[in-house]
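These notes concern the structure reproduced below.
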Amino acid sequence: MVTLYIASSLDGFIADEKGGIDWLENPELHEKDEDYGYGDFIKEIEVTFMGGNTYEQVLGFGVWHYGDLENYIFTSSLKVDSNHGKAIKSVDEVINIIPKKNCWLIGGGRLNDEFLRRGLIDKIILTTIPVFLGKGIPIFNVKVNSNHFSLEKHRSYPNGVIQYYLSKADK
């Protein structure tokens, strides 16, 4: 099962036009002692999928947070530290893992598009941050004909953050 657990701006961007995510670090947008469900979510995850740009972004944090997980970095050009995971080029290389394990699609945008286009996203946990970026990298940029999701629940926070829990709708 694949879950896309991701944050976006109100206008649907996961990063600014240069790939930056500094807007997520605004202290006014953080609730004290609140992890927005991340702690419970990560306990269930066995595998992560991330694009090369996202991998570089994560490396910039200085600490690799996914050491106990099976990690796949989608890239055709980056050298990936083997302690971090395995570099792969195509979703086809992991297609057999998806039904057997709890997978986190970390992003970025192109990888989100590929998983959505193929109908591989089972759940979306979308945390909407109350800012407008105007332009940037969208959550999805692909047009699909039949990927419907149903709202399971939502949570709202005093700082304006809203978190949506969506599941692939039954056909």
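In what follows, every heavy atom counts, from backbone to side chain, and hydrogens, waters and symmetry copies are set aside. This structure is a prediction, so every number in the text was calculated from the model and none was measured.
Checked for salt-bridge contact, Asp81 and Lys86 miss the test: no charged N lies under 4.0 Å from a carboxylate O. Using a 4.0 Å cut-off between a side-chain N of Lys or Arg and a carboxylate O of Asp or Glu, Glu114 and Arg110 do not qualify as a salt bridge.
Of the candidates Leu133, Ile129, Thr128, Asp16, Ser9 forms a side chain to side chain contact (heavy atoms under 4.5 Å, CB included) with just one, namely Leu133.
Counting heavy-atom neighbours within 6.0 Å of Asp68 CG, excluding the residue itself, gives a total of 12 or less.
Aromatic ring orientation, Trp64 versus His84: parallel (interplanar angle below 30°, classes split at 30° and 60°).
Taking the six-membered ring wherever Trp is involved, the centroid distance between the rings of Phe132 and Phe13 does not fall below 6.0 Å. The distance between the ring centers of Trp104 and Phe41 falls below 6.0 angstrom.
Phe115 CZ to Asp122 CG: the interatomic distance, rounded to the nearest 0.5 Å, is 10.5 Å. If you take CD1 on Ile106 and CG on Asn71, they are separated by 7.0 Å, rounding to the nearest 0.5 Å. The OH atom of Tyr66 sits 10.5 Å away from atom CD1 of Ile73, with the distance rounded to the nearest 0.5 Å.
Formation of a donor-acceptor pair under 3.5 Å by the Thr3 side chain with backbone atoms of Tyr5 is not found in this model. For Glu70 (side chain) and Glu46 (main-chain N/O), no donor-acceptor pair under 3.5 Å exists by modelled atom type. Under a 3.5 Å cut-off, the side chain of Asn102 and the backbone N or O of Ile45 do not form any donor-acceptor pair.
With hydrophobic clusters built from ILVMFWY side chains whose heavy atoms lie under 4.5 angstrom apart, Phe74 does not share a cluster with Met50.
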**OP:** Carefully, step by step, assess Leu69 and Val47 under the rule side-chain contact (heavy atoms from CB on, under 4.5 Å).
**Re:** CA-CA 6 Å; Leu69 303 173; Val47 175; over 6 Å; no
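Cation-pi geometry between Lys153 and Tyr165 is satisfied (NZ or CZ under 6.0 Å from the ring centre, within 45° of the ring normal).
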